[in-house]
Number of protein chains: 2
Amino acid sequence: MAKATKKSTPEKRSPHQEQLIYERIFDVILDHKLAPGARLTEEALGEIFGVSRTIIRRVLLRLSHEGVVEIKPNRGASVTSTPVADVAQFFEARRVIEGAIMRMAAGRANIYEIDDLRSLVAEEKRYYESRTRGKGLRTSNEVHFRIAALARNEPLADMARQLISRTALIIAQYQDAAQSACAYCDHAALIDALEAGDPDKAEALMLEHIGHIHSTLHLSEESPAVDLFEIFSDEQE
Amino acid sequence: MAKATKKSTPEKRSPHQEQLIYERIFDVILDHKLAPGARLTEEALGEIFGVSRTIIRRVLLRLSHEGVVEIKPNRGASVTSTPVADVAQFFEARRVIEGAIMRMAAGRANIYEIDDLRSLVAEEKRYYESRTRGKGLRTSNEVHFRIAALARNEPLADMARQLISRTALIIAQYQDAAQSACAYCDHAALIDALEAGDPDKAEALMLEHIGHIHSTLHLSEESPAVDLFEIFSDEQE
DNA sequence: GAATTTAGGATTGTATACAACCAAACTGAA
DNA sequence: TTCAGTTTGGTTGTATACAATCCTAAATTC
């Protein structure tokens with residue numbers, strides 16, 4: 001039994017430890033350290049995070065509801081592998097929802113929200129230039145999340161969040177790290193359109209942007225399998 | 001302790017008992033036997049369904065993810081009560097998604113799917129005429145679910161399902177049982193448009209239909225009687 | 001009598017024990 | 001060797017015990 005594990009602080013009932021574990025696992029998946037198809041055993045994850053299977057089980061359930069992992073009865077959880085044939089549907093769905101969101105959000109953002117968005121895009125640019133793929137991808141997601149919030153429609157923003165997360169998984173699976181398109185260029189234009197308050201242009205730019213992302217994917221082949229302890233070991237000792 | 005409980009068959013590991021419990025609870029909520037705000041204690045539900053809190057907990061977690069139930073930390077679960085101010089957002093979101101779905105589904109359904117839909121609407125009509133509200137509402141949902149499937153876009157259909165379920169809860173909360181609009185009239189027209197393969201008309205009819213439902217709600221009376229301060233605010237001290 | 005404290009009961013949160021299950025290695029006969 | 005059946009190790013599924021927390025209401029204080 002490899003004991004190169006590091007447990008988190010053994011706090012009693014920390015309210016968001018579950019959220020933390022959720023994010024750690026999701027991050028590792030987006031960083032492509034856990035490839036699609038990789039198995040996620042409850043015992044191992046529990047040991048890694050210093051927590052019982054009960055918690056891990058809830059986290060996995062949540063991840064599965066988001067479509068990030070698949071749970072098969074009596075067979076456990078593994079990172080979702082999206083068939084090539086399904087990819088287009090996700091991007092089409094994003095066009096529908098985020099297109100509408102742009103229409104609704106145009107001209108509704110105040111100056112602070114616009115500024116926040118711009119600095120976020122600047123941050124995104126730095127990550128991409130320093131080739132930290134996972135971070136860049138997550139920051140890019142955050143940009144889309146915040147734009148979704150500007151439509152002032154919670155349910156629709158929820159839908160967008162789900163699709164964006166799910167799509168990030170697809171991008172991690174099919175996009176070549178080197179050739180990750182300069183998402184931040186498109187993003188700047190999107191924000192400009194929102195500020196200008198032009199719904200038609202805002203929507204058109206988003207449709208185009210989503211098309212760009214889609215077109216950078218290498219829809220051919222994939223995937224290995226790995227050791228959980230090793231993957232999580234380079235983080236906090 | 002009332003022992004008038006009926007347990008399901010005490011099978012060992014029945015795979016969909018969880019699904020069954022999920023549906024039972026949801027049904028009861030749609031039938032308005034559990035009003036918004038009603039608490040759902042794990043122990044009681046476990047005893048009712050002859051199952052341990054572990055299972056109930058998972059069901060409640062799922063219901064909460066669908067937005068049907070709210071879980072507050074250390075406080076347990078209760079039926080979600082949607083504030084009047086939020087209602088419009090849900091219907092707007094449905095317009096966006098189901099409008100797009102109608103465009104995509106127009107002309108794509110084969111004759112069997114159309115037939116199935118029509119017989120489902122006939123069933124719906126019977127339920128409404130016999131004043132069995134819950135059943136009627138659920139059948140109406142089923143019509144929308146199936147239409148969503150016709151767009152041949154799984155992710156979008158998923159989004160639609162979530163919104164439709166969530167909206168059903170809102171309808172149960174705000175719609176007068178007697179005056180429940182004849183949803184099936186609209187439904188028949190929707191199906192006709194799908195069969196004819198006219199995307200513009202299909203979309204327009206769906207937008208109109210959703211508007212109809214929205215307009216039948218009694219949004220003036222604040223039935224979510226949870227906030228005591230609001231309730232007593234306009235009375236004498 | 002009103003406000004604060006404190007005790008009790010009820011409910012949720014987490015860990016763990018054990019049963020059920022699957023998959024892959026093993027056995028032995030054709 | 002090959003194929004059924006069997007065993008075994010590891011993993012998931014469920015129930016339960018106990019700890020942490022919250023809610024109610026009685027009790028104490030002012």
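Below, chains carry the letters A, B, ... as their sequence lines are ordered, and counting in each starts from 1.
Using modelled atom types and a 3.5 Å distance limit, the side chains of A:Glu124 and A:His187 yield a donor-acceptor pair.
Checking B:Gln17, B:Glu23, B:His16 one by one against B:Gln19, the side chain to side chain donor-acceptor pair (under 3.5 Å) holds for a single residue, B:Glu23.
Atom CD of B:Glu42 and atom P of C:dT14 are 11 Å apart (whole Å). For the pair A:Arg58 CZ and C:dT12 P, the computed distance is 13 Å after rounding to whole Å. Taking atom CD on B:Gln17 and atom C1' on D:dA15, their separation rounds to 12 Å, with Å as the unit. Rounded to whole angstrom, the span from the CD1 atom of A:Ile56 across to the P atom of C:dA15 amounts to 9 Å. We find that CD of B:Glu18 is positioned 7 Å from P of D:dT14, with the value rounded to whole Å. D:dT12 atom P lies 9 Å from atom CG of A:Leu45, rounded to whole Å. What separates CD of B:Glu43 from P of C:dA10 is a distance of 11 Å, to the nearest Å. For the pair B:Glu47 CD and C:dT11 C1', the interatomic distance rounds to 15 Å; values are reported in whole Å.
Classification of A:Glu47 and A:Arg53 as a salt-bridged pair fails, no side-chain N sitting under 4.0 Å from a carboxylate O.
For the atom pair B:His214 NE2 and B:Phe90 CZ, the distance stands at 11.5 Å (nearest 0.5 Å).
Among D:dA15, C:dT14, D:dT11, the nucleotide with an atom closest to any side-chain atom of B:Val51 is D:dA15. When distances run from any side-chain atom of B:Thr54 to the nucleotides D:dC23, D:dT12, D:dT16, the shortest one goes to D:dT16. Which of D:dC22, C:dT14, D:dT14 sits closest to the side chain of A:Ile55 comes down to C:dT14. Side-chain proximity of B:Asn74 to the nucleotides C:dT12, D:dT14, C:dT14 is greatest for C:dT12.
Annotation for A:Ile213 and A:Thr216: closest pair O-OG1, 2.7 Å, computed over non-hydrogen atoms.
Within the nucleic acid shown, B:Arg75 comes within 4.0 Å of sugar-phosphate atoms alone, with no base atom in reach, counting heavy atoms only. Across all strands shown, B:Leu40 has heavy atoms under 4.0 Å from sugar-phosphate atoms exclusively, and none from any base.
Residue whose closest nucleotide on DNA chain D sits further toward the 5' end, between B:Pro73 and B:Ser52: B:Ser52.
Distances shown here put every side-chain N or O of A:Arg53 at or beyond 4.0 Å from the OP1 or OP2 atom of D:dT11. Within the structure, a side-chain polar atom (N or O) of A:Arg39 is placed less than 4.0 Å from OP1 or OP2 of D:dT12.
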